[in-house]
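In the text below, chain A, chain B and the rest are named by the order of the sequence lines, each starting its count at 1.
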Protein chains: 2
Amino acid sequence: MNTKERIVEEALTLFSEYGYQGTSVKNIADAVGIKDSSLYKHFKSKKEIFDTIVKEMSVRMERMSKEYGLPDEHDMEKAAELYGSISEEGILALSEKIFLFYLKDEFASKFRRMLVIEQYRDREVFEVYRGLFMDAAVSYQTELFAEMTARGVFHGKDPKAMAVNFYAPIFFLLNRYDQQPDKEKEALEALRKQVMEFSRLYK
Amino acid sequence: MNTKERIVEEALTLFSEYGYQGTSVKNIADAVGIKDSSLYKHFKSKKEIFDTIVKEMSVRMERMSKEYGLPDEHDMEKAAELYGSISEEGILALSEKIFLFYLKDEFASKFRRMLVIEQYRDREVFEVYRGLFMDAAVSYQTELFAEMTARGVFHGKDPKAMAVNFYAPIFFLLNRYDQQPDKEKEALEALRKQVMEFSRLYK
DNA sequence: GTCTATAGTTAGATAGAC
DNA sequence: GTCTATCTAACTATAGAC
């Protein structure tokens, strides 16, 4: 990994814990192991580092979703088949994948925390956060449950309400067990319980 | 309102938007309308202002919960009677009270945002945030649903799972519609929909 | 692409006049 | 309890040697 990439990585780590304003250019340079002045050969300002992180995330999201085998956003038939055919087990696998990706993936979890911290300071940041961790998740699952209801896997009257009932507990537990790596087992157990309850209610 | 109280108020407003580190003592003094040096006659440090806010909140929580008529944490019989006797309408009223308190009450909403921003920087802050906005809410409602299930108002197998299914969408929508006062109607409509779905599922 | 040196600004906090 | 003046330290960023 070259110096520019290491700057981005260390900056994200610091931003996700202390925030943008709470992190100085010297903090980042120290973490990388160079002088703060040297950092300006790679980025023309602190703000440019922040913007680079946001751009980098969209690239990683694409790559990760392929690695994790998550179906494409617009390929609902395939998604419904993938998770629908195996019903309860499938839906549990889906929830655990989403959950663990945002809880444990180094870049994704730090990026999420950074957005959480910075969301009120900058409207644009809030929109990225809302889009990625709320709207995208719910609209994806709304389509998924509509498809699964049509196939008779689940019985619900409103796919959007189902999606919120499926995703909100994941979102809640993500926030609840954030920053507590020692309680990962408890977190996964709580998640499993909610998914089972969801399955029971809509079966 | 005296100067000391105004400092606390303006500091909270700034902390809730820009964070502790993103707010300078001069920012606070300017908002109050005094010089930054004058502020040190009221507080011996910036940190002391922050700590005062946290202490002030527990006082306000107590006061507000009485004003809003929310039943005491340990008086579950009364709570179950209050909300249980009127079932669907009652549970909707409960959710709207919680929702609007944390979304619109000046002090409460700013305080919540401040904790969201500062939760990763300070372990103690995280514990306050987790305690107030996650654990307390869920444990309160776990007892409430246990009581309501015993009375035959709802039919569920696991009161904790019910509580998470009830509170997680509230928590999710609180984050989703945060900072969007123009979409309050949409937010309340979404909340109502989730509560109706909850009621339908556990009836 | 790293360093030293430094400019220019702002930070948190104190001293002392009124 | 407000102000002006000031201190020290830290901040973002630039210039220029190697």
- Determine whether L174(A) and R112(A) make a side-chain contact, defined as any pair of heavy atoms from C-beta on separated by less than 4.5 Å.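 L174(A) reaches R112(A) side chain to side chain.
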- Message: Within the 4.5 Å heavy-atom criterion, are K157(B) and M162(B) side-chain neighbours or not?
- Response: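 Heavy-atom side-chain distance check fails, nothing below 4.5 Å.
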- Query: Taking OP1 and OP2 of dG1(C), is either one under 4.0 Å from a side-chain nitrogen or oxygen of S38(A)?
  - Reply: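 No, because none of the side-chain N or O atoms of S38(A) sits under 4.0 Å from OP1 or OP2 of dG1(C).
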- Short side-chain N/O contact from Y40(B) to OP1 or OP2 of dA13(C), under 4.0 Å: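 Indeed, a polar side-chain atom of Y40(B) lies that close.
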- Message: Looking only at the side chain of K46(A) (C-beta and beyond, no hydrogens), which of the listed nucleotides dA13(D), dC3(C), dA5(D) gets closest?
- Response: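 Closest nucleotide to the K46(A) side chain: dA13(D).
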- Does NZ or CZ of K4(A) lie under 6.0 Å from the centre of the six-membered ring of F43(A), at an angle within 45° of the ring axis?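 Ring-cation test returns yes.
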- Answer yes or no on whether R192(A) is positioned over the face of F198(A), meaning its NZ or CZ is under 6.0 Å from the six-membered ring centre and within 45° of the axis.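 Output no; distance or angle outside limits.
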- Query: Taking the inter-plane angle between the rings of F145(B) and F166(B) on a 0 to 90° scale, is it parallel (under 30°), tilted (30 to 60°) or perpendicular (over 60°)?
  - Reply: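 Aromatic pair F145(B)/F166(B) classed perpendicular.
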- Message: For F172(A) and Y167(B), take the angle between the two ring planes, folded into 0 to 90°, and tell me which bin it lands in: parallel under 30, tilted 30 to 60, perpendicular over 60.
- Response: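 Answer is perpendicular, since the angle exceeds 60°.
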- Is it the case that D178(A) and Y120(B) place a side-chain donor and acceptor less than 3.5 Å from each other?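 Checked: D178(A)/Y120(B) side chains pair up, N/O donor to acceptor below 3.5 Å.
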- Query: In terms of side-chain heavy atoms, does Y18(B) have a donor or acceptor partner in Q21(A) at a distance below 3.5 Å?
  - Reply: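 Note: Y18(B) and Q21(A) side chains miss the donor-acceptor criterion.
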- If you take atom types as modelled and just measure distance, does the side chain of S37(B) reach the base of dT2(D) with a donor-acceptor pair under 3.5 Å?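 Counting by modelled atom types and ignoring angles, no donor-acceptor contact under 3.5 Å is found here.
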- Contact list for DNA chain D against residues 116-124 of chain B - heavy-atom distance below 4.0 Å: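 Under 4.0 Å from DNA chain D: no residue of residues 116-124 of chain B.
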- Of all of residues 1-32 of chain A, which get a heavy atom below 4.0 angstrom from DNA chain D, listed by number?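 Residues of residues 1-32 of chain A under 4.0 Å from DNA chain D: T23(A), S24(A), V25(A).
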